[in-house]
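As structure tokens, the structure follows; a few thoughts come after it.
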Number of protein chains: 2
Amino acid sequence: MHDIAVTTDAVVFRVGNAALEVLLIERAHPPFAGHWALPGGFLEAGETLDTCAARELAEETGLANVYLEQLYTFGDPGRDPRGRTVTVAYLGLAAGDGEPLDAASDAAAARWFRVDALPALAFDHDRIIACGIERLRGKLRYAPIALHLLPPQFTLTELQRVYGLILDRELDKRNFRKQIRNHGIIEATGRQQRNGSSRPAMLYRVAVPATGR
Amino acid sequence: MHDIAVTTDAVVFRVGNAALEVLLIERAHPPFAGHWALPGGFLEAGETLDTCAARELAEETGLANVYLEQLYTFGDPGRDPRGRTVTVAYLGLAAGDGEPLDAASDAAAARWFRVDALPALAFDHDRIIACGIERLRGKLRYAPIALHLLPPQFTLTELQRVYGLILDRELDKRNFRKQIRNHGIIEATGRQQRNGSSRPAMLYRVAVPATGR
DNA sequence: CAGCTTAGTGTTGTCGATACACCTTTGCAA
DNA sequence: TTGCAAAGGTGTATCGACAACACTAAGCTG
């Protein structure tokens, strides 16, 4: 109506080898062609904002089945050289087990970048990523979102690594395990995982809180 | 660009006589003329989202100098019968001391309603208010936002009343005062307030954390 | 000055968070 | 076969945050 465009952008995190990583695409078209940016694009006629974020993410990077929640909306005039654009940013969490990426649509490439070594970014996407990190850290303290950053079965050491890397500090193994057990949101599967030449670790999964009865 | 309009809406709370209240306007024009709704309106060319929310609130209700922060963005297709509209909702907090309201612009009237006795609302504004209450309760636990619901000087009893009404449960006076003192975000002014025929109460204000030095 | 109304104050028990060190299980190589 | 390297797994003591709980103080009114 007032010549305003609405887009969504997704800040998708995973925990890589040794650091928190964010998913970026290389823009195939102007503006900012050749620059790295968050996956996202224009809201289409019949779809919800949530759907738009998931669709654009899948189109440009091939990632599906990613946890997504709304993050913040950015609409400063001048943030897009094409004209007035309001973007609804989403926070996404992907398991670190390396679902393959598949750049397509407006993306020339798609890659994970360590959050402490980001390239130059298009638009105000650096601000949006900073906002995402802040939210991720904050929410980790009171919500079990870290589970979205792991495959369906995982060891306690892996889970602790996720917390440690996001909060950027070392955690005590015994205290960590005690907390997790008290909250009771995960449960042991019977299975174990062997990691090379050391003692195997118990695998855990998210506990479903006694449906039915 | 894609025939999408962007608006802002403000969910402004205050603590009234005996309950949490939200500010509504009576819509002067279709759609939903005569219905109650949140104050808000279309984003204009050069302004930020924050500015738009403050401007629309001031235009329609006369309230200025209200604390505002972004809440959530609603964009489901069908939420506005005129066509596709995405609204960025804001959470607002006003002091309960009764700055007078002044309905104008698209508002035929402006009034405070108890959140437990809301009229029928336009659009999806009931959902937006529910979202605002949830955020207010959640944030109260870890951020000193209750101070925005009081005048610059206030008594501890008043502050406790604010917390109690928002959380909807009784709080222990001694424990409450201990917590507040420990957090150290407010300080005593020298002044006292007389409330009729009883002992006067000490007035407090927000402590500025030692600027300068 | 008696009585009403609101302001203001401390102690105790419980629970969650932190700090901290050793034994166990496996694979591999000497 | 043994011993060594590498990661898994476990318990206790201390401290600070939070909940429960009852009386005295100051001012006004009749």
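Protein chains get the first letters and strands the later ones, always in sequence-line order, with residue 1 at the start of each.
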Practice problem: Find out whether the Lys NZ or Arg CZ of B:Arg174 is both under 6.0 angstrom from the six-membered ring centre of B:Phe176 and within 45° of the ring's axis. | Solution: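 B:Arg174 over B:Phe176 ring: no.
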Between [X] ([atom1]) and [N] ([atom2]), how many Å, whole number?
X	N	atom1	atom2	result
B:Arg181	D:dA17	CZ	P	14 Å
B:Phe176	C:dG8	CZ	C1'	14 Å
B:Leu171	D:dC18	CG	C1'	12 Å
A:Arg177	C:dA17	CZ	C1'	18 Å
A:Gln160	D:dT10	CD	C1'	14 Å
B:Asn195	D:dA26	CG	P	17 Å
B:Met202	C:dT9	CE	C1'	14 Å
B:Gln193	D:dA26	CD	P	19 Å

With sequence neighbours left out, the residues meeting side chain to side chain donor-acceptor pair (under 3.5 Å) with B:Ser197 are none
Touch class at under 4.0 angstrom, heavy-atom based, for B:Arg194 against every strand present:
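Touches sugar-phosphate only.
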| task | Give a yes or no on whether A:Arg191 atom CZ has more than 12 heavy-atom contacts from other residues, nucleotides or ligands under 6.0 Å away. | result | no
Strictly under 3.5 Å: I want the nitrogen or oxygen pairs between protein and nucleotides 19-23 of chain C, one per line.
unit_1	atom_1	unit_2	atom_2	d
C:dA19	N7	A:Asn175	ND2	2.9
C:dA19	N6	A:Asn175	OD1	3.1
C:dC20	N3	A:Arg174	NH2	3.3
C:dC20	N4	A:Asp172	OD2	3.2
C:dA21	N1	A:Arg174	NH1	3.3

Quiz prompt | Given DNA chain C, 5'-ward residue of the pair A:Gln192 and A:Asn182, judged by closest heavy atom | solution =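 So the residue in question is A:Asn182.
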Can you work out whether A:Ser197 or B:Leu156 has the more 5'-proximal nearest nucleotide on DNA chain C?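 First, find each residue's nearest nucleotide; the 5'-ward one identifies B:Leu156.
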For B:Tyr204, the ring pair (Phe, Tyr, Trp, His ring centres under 6.0 Å) test, sequence neighbours excluded, returns none
Any ion pair linking [Y] and [X] (charged N to carboxylate O, less than 4.0 Å)?
X	Y	result
A:Arg135	A:Glu69	yes
B:Asp76	B:Arg127	yes
A:Glu21	A:Arg114	no

> Distance check: side-chain N/O of A:Thr157 vs OP1/OP2 of D:dG8, anything under 4.0 Å?
Replying inline: yes
Does A:Gln179 have a side-chain nitrogen or oxygen under 4.0 Å from the phosphate oxygens OP1 or OP2 of C:dT18?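 Yes, within the criterion.
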